[in-house]
Amino acid sequence: MVAFNNKTLVAIASKLILTAIAARCATAFVVLPNRAFVTPTTKSPSFRRSLSPTSDKISTRLSLPSTRAVLKDLLDLEVRNEKKDLSDDLSDDEKVWEVIDLTIKILRQLSEVDSVGVGMNEECCGNTERERERRNIERRYRVRKSVILRQLSEVDSVGELAKVLVGLDISLISEATDAKGKVEKNHPFIIKTIELLEAFQKLKNKVSPMSMGYGTYPNHPEFPNYNLSTMMKKMEGNDPPPLEYFFSPKKVVQLIGRVVESVIGEGLRKDDVEKAPNTEAKYEEMFTKSKILGIPNPLNFRPKPNSFNYWEDDKYIARQFLCGVNPVMIRVAKSKGEISDDLVNYFGSGFLQDLIKEKRLFYVSYDDLLELNVNPHQAYPLPMNANATQDQPRYFYAPIALFLLDISRNELDILGIQLERNINSRVYTKGNSGEDEWLFIKSCLTTADTQFHEWVSHLGRTHLSVEPHIIAIHNTLRQTKHPIYTFVKPLCPDTLLLNWAARNSLASYKANSTGDYICSVGCGQFMQLIQKMWSRYSFFEQSALPLELASRGFDEDFEMPAYLYREDGLKLWNAYGGFAADFVSEVYASDADVSSDKKLQEWAKETASPDHASVPGFPKSFQAKATLVKVLQTLMWMTSGLHAAVNFPQYEYYAYAPNKPFNQRAELPKSSVTRESIFDNAFPLTSLEEGTVIPIAILLTAPSHHCIDELEENFSTVGKKSYAKFQVKLKEIQDEIEKRNKAAAKNKQPVYDYLNPCVVPASIDI
């Protein structure tokens with residue numbers, strides 16, 4: 001047993017005491033013995049703001065379901081972290097399988113135990129015997145709580161701390177397990193994770209193939225006549241990827257910790273959410289307190305995002321189109337023909353033309369939503385949910401919104417919103433709408449943007465678009481350990497596993513698909529949106545940052561310092577280009593060397609071939625160093641900067657549903673609309689936000705263990721000099737971003753840290 005000094009012991013005891021104070025229901029205490037204790041290791045002062053809603057880059061160790069393991073975890077934590085026992089090494093297959101087995105056991109126990117406190121409350125309604133049993137448990141809990149608090153206050157040795165933990169484990173865990181009975185599971189997200197891991201276990205005795213096959217997406221059963229086979233290629237069949245693409249043991253432990261933290265956070269707030277006087281108050285009560293009695297809350301696992309304070313502000317909403325979770329949608333208006341006649345007629349041709357000349361008029365237009373046939377879409381649609389009543393509609397509009405940039409070119413505001421595309425459709429503005437009506441109109445806009453962000457900008461343009469590239473790399477460069485594989489290898493980890501998991505959860509074609517009940521358009525229709533995006537896709541035009549920006553009107557000489565995604569993105573893009581050029585020059589002396597490299601040509605051919613990866617616009621061969629450099633630069637941007645920009649802001653902007661709703665449960669009323677009716681009838685169900693959206697957002701914003709500035713081991717031989725030079729450039733970019741953010745924070749202005757090199761993963765690893 002490791003001996004801790006008194007200072008460390010007091011810190012542990014203090015944390016447990018605060019834990020006890022923070023826990024306000026039996027649910028929380030039931031799971032507390034199995035919580036993940038974390039130790040932050042901050043790399044950047046602004047890291048907390050940029051990625052994680054709960055902690056900085058962390059190493060976690062989740063306890064086994066026994067008191068001795070809980071105690072051992074507490075006492076060994078810092079020693080394990082120092083020794084780096086939780087490595088990223090995937091070479092030991094048995095260790096990986098051991099971690100998978102352990103993960104399933106932990107999640108299963110977590111789902112069963114937590115269902116007592118939450119699930120019993122639901123099942124007990126109207127059941128006198130069950131209600132009496134629940135009250136007895138809570139009564140015994142309250143008595144035990146006072147004893148535990150007293151014991152913790154008297155702890156002065158490791159032995160006494162162990163006794164307290166033993167008492168906590170026996171009195172609450174076993175009691176709750178005995179009382180569970182037939183309580184229904186209350187964390188479908190956890191149950192789905194268990195199912196996916198069990199599916200992965202089936203590959204344990206299979207030999208990983210040397211090469212991987214390509215498959216096409218089948219048509220969705222709700223829309224059997226819509227052809228999805230023309231989408232980007234995916235892994236053949238529905239089996240998980242080879243073991244080498246599974247999460248590292250260290251990452252598995254980290255993600256378990258995030259899941260546990262999410263469950264604890266929900267448990268801590270459950271009572272207050274249920275007791276809240278109205279729906280708006282319920283949304284607010286979902287978040288944990290940052291402090292308790294003036295002391296930082298160690299269980300602040302669901303902190304209140306900044307969007308809670310500003311979501312009604314028009315300029316805050318407008319800023320999200322530049323620096324929020326979907327900064328790739330907004331366009332520069334270069335002619336009146338790009339926007340609707342109704343908007344032109346309402347604001348006046350001359351006024352809009354002047355703004356266009358000044359480069360101060362911008363717009364978003366969700367045209368592809370118009371082509372979706374089912375609106376409203378049902379949360380549990382037929383034919384996948386044969387016995388489900390079709391009474392949970394999800395509505396969506398296809399709005400066009402105009403934005404006005406101020407004279408200083410630093411602040412964007414909403415000019416007007418058109419929801420319908422009919423002749424003489426109404427144009428809504430803040431001035432011609434009632435206060436509550438304007439609130440509803442803005443939510444229609446943000447709901448439409450959510451459909452595009454989550455499924456097109458995020459899932460489609462990063463995760464699924466990168467998948468055929470990884471398969472092609474696996475089949476060619478990886479097989480021969482080609483020098484160029486050294487460059488692309490860090491761009492590949494975890495993506496194939498995540499995509500396979502998404503197809504079996506968020507984008508599942510089966511009953512109770514998360515994509516169906518969580519969003520307005522539903523799974524079958526967001527697959528159509530992705531297909532439409534891919535039908536227009538070309539590798540360089542849509543994935544090379546300068547060309548993509550130019551396609552939306554943001555040319556190289558366009559002045560707009562407020563567009564921080566563009567400002568920071570181009571800094572990274574240029575750094576990637578310099579790194580790729582230096583690396584290629586280390587490997588190849590001339591263009592002739594490139595064109596004569598047969599293995600390199602095989603990679604190009606496989607990636608471009610319609611029978612293989614079939615990536616539109618990818619070079620069919622490499623004849624010059626410059627072409628190879630551009631390809632490597634673009635691939636690195638797709639997997640790192642682009643994904644970081646559309647993934648990591650999710651907790652900040654989605655955790656509080658009114659800011660960016662995933663679905664809309666009502667149309668704009670023809671009669672008057674009230675704030676209360678919007679919360680009660682239009683915004684997503686609080687249970688969906690609390691039990692699904694927030695947990696997913698917490699998980700998807702887990703910090704990476706291999707960011708672009710910490711890849712020294714990968715470039716220890718080939719590309720060593722190039723990478724060292726690249727790191728120097730990244731540090732310069734980091735310093736620039738942090739200096740700007742520090743000044744913004746000092747002036748109480750929002751910061752943008754999502755493209756800070758020290759927090760940008762090299763691959764799509766979450």
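Atoms considered below: every heavy atom in the structure, side chains included; atoms not considered: hydrogens, waters and symmetry mates.
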Worksheet item: Is the side chain of N747 donor-acceptor paired with the backbone N or O of A743 at a distance under 3.5 Å, no angle test?
Response: yes
Practice prompt. Just jot down the salt bridge (Lys or Arg N to Asp or Glu O under 4.0 Å) partners of K731, sequence neighbours excluded, or say none.
Written response: D735
Practice prompt. Would you indicate whether the side-chain heavy atoms of E541 and S551 approach each other to under 4.5 Å?
Written response: no
Fill in: Over all atoms of both residues, closest heavy-atom pair of A581 and V629
CA-CG2, 3.7 Å
Discussion item. Per the salt bridge (charged side-chain N to carboxylate O under 4.0 Å, His left out) rule, what does the pair list look like for residues 698-708, sequence neighbours excluded?
Written reply: none
Practice prompt. Would you mind reporting whether I737 and L564 have side-chain heavy atoms less than 4.5 Å apart?
Written response: no
For residues 316-323, tabulate all N or O donor-acceptor pairs below 3.5 Å that involve a side-chain atom, not counting sequence neighbours.
from: Q320; atom 1: OE1; to: N659; atom 2: ND2; distance (Å): 3.3
from: Q320; atom 1: NE2; to: N659; atom 2: OD1; distance (Å): 2.9

Worksheet item: Partners of E732 by salt bridge (Lys or Arg N to Asp or Glu O under 4.0 Å), sequence neighbours excluded?
Response: K729
Item to complete: Step by step, work out the side chain to side chain contact (heavy atoms under 4.5 Å, CB included) result for L491 and V466.
Response: CA-CA 9 Å; L491 314 184; V466 167; over 6 Å; no
Discussion item. Using a 3.5 Å distance criterion without hydrogens, assess whether the side chain of Q734 forms a donor-acceptor pair with backbone atoms of L730.
Written reply: no
Discussion item. Tell me whether the rings of H469 and F539 are parallel (<30°), tilted (30 to 60°) or perpendicular (>60°).
Written reply: tilted
Practice prompt. Among residues two or more places apart or on two chains, list those pairs meeting salt bridge (charged side-chain N to carboxylate O under 4.0 Å, His left out) that have a residue in residues 569-592.
Written response: K571-E736, D582-K725
Worksheet item: With a cut-off of 6.0 Å (strictly less than), are more than 12 heavy atoms of other residues, nucleotides or ligands near NZ of K304?
Response: yes
Worksheet entry | Those residues that, when tested against K660, pass salt bridge (Lys or Arg N to Asp or Glu O under 4.0 Å) (two or more places apart) | D449
Worksheet entry | Validation row: M232, E467 side chains within 4.5 angstrom (heavy atoms) | no
Discussion item. Taking the side chain as everything from C-beta on, heavy atoms only, tell me whether W534 gets closer than 4.5 Å to P616.
Written reply: yes
Discussion item. Would you compute the distance between atom CH2 of W455 and atom CE of M533 and round it to the nearest 0.5 angstrom?
Written reply: 13.5 Å
Worksheet item: Got E244 and R478 here, is their nearest side-chain heavy-atom distance under 4.5 Å?
Response: yes
Worksheet item: Is the Y576 to W573 ring centre distance short of 6.0 Å?
Response: no
Discussion item. With no hydrogens and no angle check, just 3.5 Å: does a side-chain donor-acceptor pair link Y537 and S543?
Written reply: yes
Discussion item. So that I can tick it off, tell me whether R552 and E548 are bridged by a salt bridge, with the cut-off set at under 4.0 angstrom between side-chain N and carboxylate O.
Written reply: yes
Worksheet item: Do the non-hydrogen side-chain atoms of L572 and P757 ever get within less than 4.5 Å of each other?
Response: yes
Worksheet entry | Test log, rule side chain to side chain contact (heavy atoms under 4.5 Å, CB included), inputs V364 and F452 | CA-CA 11 Å; V364 291; F452 259 81; over 6 Å; no
Fill in: Check against salt bridge (Lys or Arg N to Asp or Glu O under 4.0 Å), D555 and K359
CA-CA 11 Å; D555 303 314; K359 298 182 178 181; 5.8 Å; no
Donor-acceptor pairs are to be reported for all side-chain atoms of residues 711-718 against protein atoms at under 3.5 Å, with residues two or more places apart or in another chain.
from: E712; atom 1: OE2; to: Q727; atom 2: NE2; distance (Å): 2.8
from: N714; atom 1: ND2; to: T486; atom 2: O; distance (Å): 2.7
from: S716; atom 1: OG; to: E713; atom 2: O; distance (Å): 3.3

Discussion item. Strictly distance-based, threshold 3.5 Å: is any side-chain N or O of R566 a donor or acceptor partner for the main-chain N or O of L549?
Written reply: no
Practice prompt. Hey, could you give me the NE2/OG distance between H463 and S465, rounded to the nearest 0.5 Å?
Written response: 10.5 Å
Worksheet item: In terms of ring plane angle, is the pair W603 and F618 parallel, tilted or perpendicular, where the classes change at 30° and 60°?
Response: perpendicular
Worksheet item: Is the closest side-chain heavy-atom distance between Y752 and P649 below 4.5 Å?
Response: no
Worksheet item: Do T639 side-chain atoms and A762 backbone N/O form a donor-acceptor pair below 3.5 Å?
Response: yes
Item to complete: Using only heavy-atom distances, determine whether the side chains of Y654 and H453 contain a donor-acceptor pair under 3.5 Å.
Response: yes
Item to complete: Grab the two heavy atoms, one from E606 and one from I471, that are nearest each other, plus how far apart they are.
Response: OE2-O, 4.5 Å
Practice prompt. Could you tell me whether the side chain of N306 reaches within less than 4.5 Å of the side chain of P750, counting heavy atoms only?
Written response: no
Worksheet entry | N-O pairing of R740 and D568 below 4.0 Å | yes
Worksheet item: Can you name the side-chain hydrogen bond (donor to acceptor under 3.5 Å, both in side chains) partners of Y363, sequence neighbours left out?
Response: E338
Worksheet, complete the sentence: Residues at least two apart in sequence or cross-chain that pass salt bridge (Lys or Arg N to Asp or Glu O under 4.0 Å) with R360, listed by chain then number, are E358
Worksheet item: Is the Y754 to F648 ring centre distance short of 6.0 Å?
Response: no
Fill in: Test side-chain contact (heavy atoms from CB on, under 4.5 Å) applied to A744 - qualifying residues, sequence neighbours left out
Q749, V751
Worksheet item: So, the side chain of K234 versus the backbone of L464: is there a donor-acceptor pair under 3.5 Å, distance only?
Response: no
Item to complete: Kindly write out the residues that satisfy side-chain contact (heavy atoms from CB on, under 4.5 Å) with E556, not counting sequence neighbours, or none if the list is empty.
Response: none
Discussion item. As an exercise, state the distance from CD1 of I530 to OG of S457, rounded to the nearest 0.5 Å.
Written reply: 10.5 Å
Worksheet item: How far apart are the C-alpha atoms of V332 and M560, what are their side-chain angles, what is the distance that settles it, and do they pass the side chain to side chain contact (heavy atoms under 4.5 Å, CB included) test?
Response: CA-CA 11 Å; V332 180; M560 194 172 182; over 6 Å; no
Fill in: Backbone N/O of C707 and side chain of E710: donor-acceptor pair under 3.5 Å
yes
Worksheet item: In chain order, what residues pass the side-chain contact (heavy atoms from CB on, under 4.5 Å) check against A613, with sequence neighbours excluded?
Response: Y214, P468, A472, T607, V615
Discussion item. For F622, is there any backbone N or O sitting under 3.5 Å from a side-chain donor or acceptor partner on T627?
Written reply: no
Practice prompt. Quick one: do M638 and H643 satisfy side chain to side chain contact (heavy atoms under 4.5 Å, CB included)? Show the steps, please.
Written response: CA-CA 6 Å; M638 291 175 69; H643 180 257; over 6 Å; no
Worksheet item: Would you say T495's side chain and I764's backbone share a donor-acceptor pair under 3.5 angstrom?
Response: yes
